[in-house]
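These values consider heavy atoms only, across backbone and side chains, with no hydrogens, waters or symmetry-generated copies.
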Amino acid sequence: MSITEPGTVPTAVRAHRTRADALRNRERIVEAARDMFVEYGPDAPLDEIARRAGLGNATLYRHFADRRALTHAVLLSVVLRTARHAEAAARTAAAGGDPRAALSRFAHTAVDDRIGALCGLFVNGDDSPSAEIAAQTARLEAAVEELMERARRAGGLRSGVTFKDLMPALSRLARPLPGIDDSASDLHRHLQLFLDGLKAP
């Protein structure tokens, strides 16, 4: 049995702390990049992303070799979280909840989750989405389409409105106009005006 000298930290403990710190740093970078992509688009300066995360450039590049790797991590993070919310909303509607209200809550949650970072993916398309992103996007589409179909059948959504109408609009609405400091309340107000326009006559 090994005996640790007084005042020393076992190697296993140090390694665990290092991994935990590295994971937290990676999450901070992804969150900062997500916010910057919403505000400035995917060409936001990497050094500014590192600064906003409270880390140095070297730490950013230790986790992400280049902009493409960071962009992939941000897209995957946001689309995965949005898919989970869409599935939760679909389950609520399937259990007897108001599908129109569930769709509205999903849309507002997606804005809070910074879905504007996905604007390029939904609006312009991604020339070569990874298998991970493609799978999560398909998962998101299936849940949203199920939710929208329930809302249509309940008379709370215009016929003909699809995933490809809703998601690009949410992405655009979630991105403040350049030079205008839109508050969260303004974004949600504009979103609600849009959602009200989707109601069946």
Nearest-0.5 Å distance that lies between atom CG in L166 and atom CD in E145:
9.0 Å
State the CD-CD distance between E146 and E141, to the nearest 0.5 angstrom.
13.0 Å
Looking only at atom types and distance, does a side-chain atom of D113 sit under 3.5 Å from a main-chain N or O of I115, one as donor and one as acceptor?
no
May I have the step-by-step check of side-chain contact (heavy atoms from CB on, under 4.5 Å) for L118 and M167, ending in yes or no?
CA-CA 9 Å; L118 300 181; M167 300 311 293; over 6 Å; no
Nearest atoms (heavy-atom pairs only) where R150 meets A90:
NE-O, 4.5 Å
Going by atom type alone, with no hydrogens or angles, which donor-acceptor pairs under 3.5 Å involve a side-chain atom of residues 53-62 and a protein atom two or more places apart or on another chain?
| residue | atom | partner | partner atom | Å |
| --- | --- | --- | --- | --- |
| T59 | OG1 | R62 | NH2 | 3.3 |

Report, one line per pair, each donor and acceptor closer than 3.5 Å where one atom sits in a side chain of residues 151-160; sequence neighbours left out.
| residue | atom | partner | partner atom | Å |
| --- | --- | --- | --- | --- |
| R152 | NE | E149 | OE1 | 3.2 |
| R152 | NH1 | V161 | O | 2.5 |
| R152 | NH2 | E149 | OE1 | 3.1 |
| R158 | NE | G197 | O | 2.9 |
| R158 | NE | K199 | O | 3.4 |

Could you measure the distance from the CZ atom of R28 to the CD1 atom of I49? Nearest 0.5 Å is fine.
14.5 Å
Hphob cluster co-occupancy, F194 + L147, side-chain heavy atoms under 4.5 angstrom:
yes
Heavy-atom distance under 4.5 Å between the side chains of V30 and F64, does that happen here?
yes
Reported NE2-to-CG distance for the pair H63 and L23, which is rounded to 0.5 angstrom
8.5 Å
Nearest heavy atoms of H190 and L173, plus distance in Å
CB-CD2, 4.3 Å
Checking L187 against L191 for the side-chain contact (heavy atoms from CB on, under 4.5 Å) test, could you report, in this order, the C-alpha distance in whole Å, the side-chain angles of both residues, the deciding distance, and whether it holds?
CA-CA 6 Å; L187 292 177; L191 171 59; over 6 Å; no
For K164, what residues pass the side-chain contact (heavy atoms from CB on, under 4.5 Å) criterion, not counting sequence neighbours?
T162
Sequence neighbours left out, what passes side-chain contact (heavy atoms from CB on, under 4.5 Å) with A200? Give chain and number order.
none
Side-chain atoms of residues 71-83: list all donor-acceptor pairs with protein atoms under 3.5 Å, sequence neighbours left out, distances to 0.1 Å.
| residue | atom | partner | partner atom | Å |
| --- | --- | --- | --- | --- |
| T71 | OG1 | R67 | O | 2.9 |
| H72 | NE2 | S130 | OG | 2.8 |
| T82 | OG1 | V78 | O | 2.7 |

With a 4.5 Å cut-off on side-chain heavy-atom distances among I, L, V, M, F, W and Y, is there a chain of contacts connecting V111 to M36?
yes
Could I get the full list of side-chain hydrogen bond (donor to acceptor under 3.5 Å, both in side chains) partners for E48, not counting sequence neighbours?
R51
Ring pair (Phe, Tyr, Trp, His ring centres under 6.0 Å) contacts in which one or both residues fall within residues 21-42, not counting sequence neighbours
none
Can you name the salt bridge (charged side-chain N to carboxylate O under 4.0 Å, His left out) partners of R114, sequence neighbours left out?
D35, E39
Sequence neighbours excluded - salt bridge (Lys or Arg N to Asp or Glu O under 4.0 Å) pairs with any residue from residues 82-96:
E87-R139
Could you list the donor-acceptor pairs under 3.5 angstrom formed between side-chain atoms of residues 102-110 and any protein atom two or more places apart in sequence or on another chain?
| residue | atom | partner | partner atom | Å |
| --- | --- | --- | --- | --- |
| H108 | ND1 | H188 | ND1 | 2.7 |
| H108 | NE2 | Q192 | OE1 | 2.8 |
| T109 | OG1 | R105 | O | 2.9 |

